[in-house]
Amino acid sequence: MTQTMKQEVESRRTFAIISHPDAGKTTITEQLLLFGGAIRQAGTVKGKKSGKFAKSDWMEIEKQRGISVTSSVMQVEYDNKHINIVDTPGHEDFSEDTYRTLMAVDSAVMVIDSAKGIEPQTKKLFEVVSRRGIPIFTFINKMDRDGREPLELVAELEEVLGIDAYPMNWPMGMGKNFLGLYDLYNQRVELTHPEANGDNDFLPLNEEGHVDGDFAFKQSTIYDQAIEDAQLLNEAGNEFSPEAIAKGKLTPVFFGSALTGFGVQTFLDAFVDFAPSPSSKMTEDGVEVDPLDPQFTGFIFKIQANMNPAHRDRIAFVRICSGEFEPGMDVTVNRSQKKMKLSHTTQFMADSRETVKTAVAGDIIGLYDTGNFQIGDTIYSGKSALQFEPLPQFTPELFNRVSAKNVMKQKSFHKGIEQLVQEGAIQLYKTYHTGDYILGAVGQLQFEVFQYRLLNEYNAEVVMTPIGSKIARWIDEDVLDPNMSSSRNILCRDRFNQPVFLFENQFALNWFKDKHPEIELKSLI
Ligand code: G4P
């Protein structure tokens, strides 16, 4: 291992932003890129707002994706750190891919709208990240607007998400009266509107926690209130603990406004200090693979299909876990033991689709795929075979019954379903009593992609009947009794032949639990 490789790996910060739509993920991403010396100009992260076209218009979605995929991984250099921002598709794009992306990052930034607090999608994404025990940083956004009381927001964060919070800074007012940040971590005040000559936007705190000197903002009760709140937090709040942050047990909280850029750099400076560089990853056999290990290894966490409607190509996204990627290198796909050369057709799906020069642990590369990869595949160089731990499966919430429109096309229908399910594009269930197919997804777009791909790649037209949202719970085979099925649940088998109940709603689930207290109902993530 060369010293440079060690430095390279240690400079990596690979993270995802998790938030509810409209909280400001795009805006803050643009700001981070700008602060980081902007490979990309603000305003170009998303070519279009995804809400501007009809959901069912898949071709349009494809076009949109053509744009958004280049921003699937954004890279920026900041403070001698190499930052990889991995996009988590939201809005209509929300799918299992969104969750799986979180398996490829080393930390997460949670953006919260100060007027809204914790919203449903933030909570779902948080839960997936939280299970991994990786650091989660919180940015409470839109302080330039009137929002909810900061103390209330922090309390909600702790109560709803069950994570301890440590405010690194505290807002002095909000909306029109947003004076700036009372910055506990840096022991300074950061002003939105610097006074005097304009070069005093950062003012140090003295031992009493006050700013020395004659400044107009000090006359405001807002300043006193911020100090009071900060003292309260100091006495009654959580203790600052880098260890707890590293384990994802304590989230450092920052306030600011992504739109005006205020507080973003302060956030970024602390983030690069506390966010971890890539760590070891476990194989299926319990062996730790060190990121500095010279053997090139990585796993596929996402496959993006039909980038170009004229071809059947797909892009497989690989998170590198160790070693160094070099164009033209030979690798083996562990599942199939297929050997392949990562040749010139391989491109970095980073900023400008440049061909990859080199990439190390923490980086994400995009490989053109003609059907060789599946989600969860491990690839490696050299001879010692390995398989990383499987990616978790996620409990779907939306379900559709599906059948082939034309009975003559049954064969291609089955082939298509089998392959797309294996690829991880969607989940498949077969009803116990009637043998019908039911598809499960976490986002509506997954069904549309499925339907489109089945038609275009397998020439099979499908009929899909939504059966609404259900609560899926798995049971052990040995307790299965087909008579447990009722009008309020559908008994199925998943693609691994495991029995699973699809409950109509929480009420139906509770009713079942009361009736069969001895039966353990299991959910996926
Ligand atoms: P998203 O990616 O999380 O969905 O959110 P995005 O950044 O697109 O922001 C959603 C809306 O919130 C945008 O307004 C954006 O300008 C606004 N916004 C983001 N950060 C801030 C902030 O700090 N303060 C204020 N006041 N607004 C903020 P929009 O009108 O919906 O979109 P646009 O037409 O301005 O692009």
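Atoms within a ligand are numbered from 1 in the order they appear, just like the ligands themselves. Since the structure is predicted, the reported quantities are computational estimates derived from the model, not experimental observations.
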Practice item. Could you check Leu191 against Phe202 for side chain to side chain contact (heavy atoms under 4.5 Å, CB included), going step by step and ending with a plain yes or no? Key: CA-CA 7 Å; Leu191 294 176; Phe202 296 110; over 6 Å; no
Exercise for review: Tell me whether the centres of the aromatic rings in Phe139 and Phe254 are closer together than 6.0 Å.
Suggested key: no
Exercise for review: Heavy-atom contacts with Arg145 under 4.0 Å: which atoms of ligand 1 show up? List them by number with element.
Suggested key: 26 (N), 27 (N)
Check your understanding: Does the N or O separation between Thr260 and ligand 1 drop below 3.5 Å for any pair?
Key -> no
Check your understanding: In terms of heavy-atom contacts, does NZ of Lys249 have more than 12 from other residues, nucleotides or ligands at under 6.0 Å?
Key -> no
Practice item. Report the part of Asn141 in contact with ligand 1, treating N, CA, C, O as backbone and CB onward as side chain, heavy atoms under 4.0 Å; options are side chain, backbone, both, neither. Key: side chain
Review point. Counting from 1, what ligand 1 atoms have a heavy atom of Lys25 closer than 4.0 Å?
Key: 1 (P), 2 (O), 3 (O), 5 (O), 7 (O)
Point to revise | Residue among Arg132, Arg12, Arg319 satisfying salt bridge (Lys or Arg N to Asp or Glu O under 4.0 Å) with Asp106 | key: Arg319
**Study point:** Of the listed options Lys142, His20, Met143, Gln121, closest to atom 28 (C) of ligand 1 (non-hydrogen atoms)
**Key:** Lys142
Point to revise | Winner among Thr29, Thr27, Asp87 once heavy atoms are compared against atom 15 (C) of ligand 1 | key: Thr27
Point to revise | Those atoms of ligand 1 less than 4.0 Å from some heavy atom in Asp22 | key: 1 (P), 3 (O), 4 (O), 5 (O), 10 (C), 12 (O)
**Study point:** Short N-O contact, Asp87 and Lys25, less than 4.0 angstrom
**Key:** yes
Point to revise | Residue pair Lys124, Glu397: steps toward the salt bridge (Lys or Arg N to Asp or Glu O under 4.0 Å) verdict | key: CA-CA 12 Å; Lys124 279 192 203 171; Glu397 290 171 23; 3.2 Å; yes
Point to revise | Min N/O separation Gly256 to ligand 1 under 3.5 Å | key: no
Point to revise | Enumerated ligand 1 atoms positioned under 4.0 Å from heavy atoms of Pro21 | key: 4 (O)
Practice item. Assign the ring pair Phe399 / Tyr429 to parallel, tilted or perpendicular, where the plane angle (0 to 90°) is split at 30° and 60°. Key: tilted
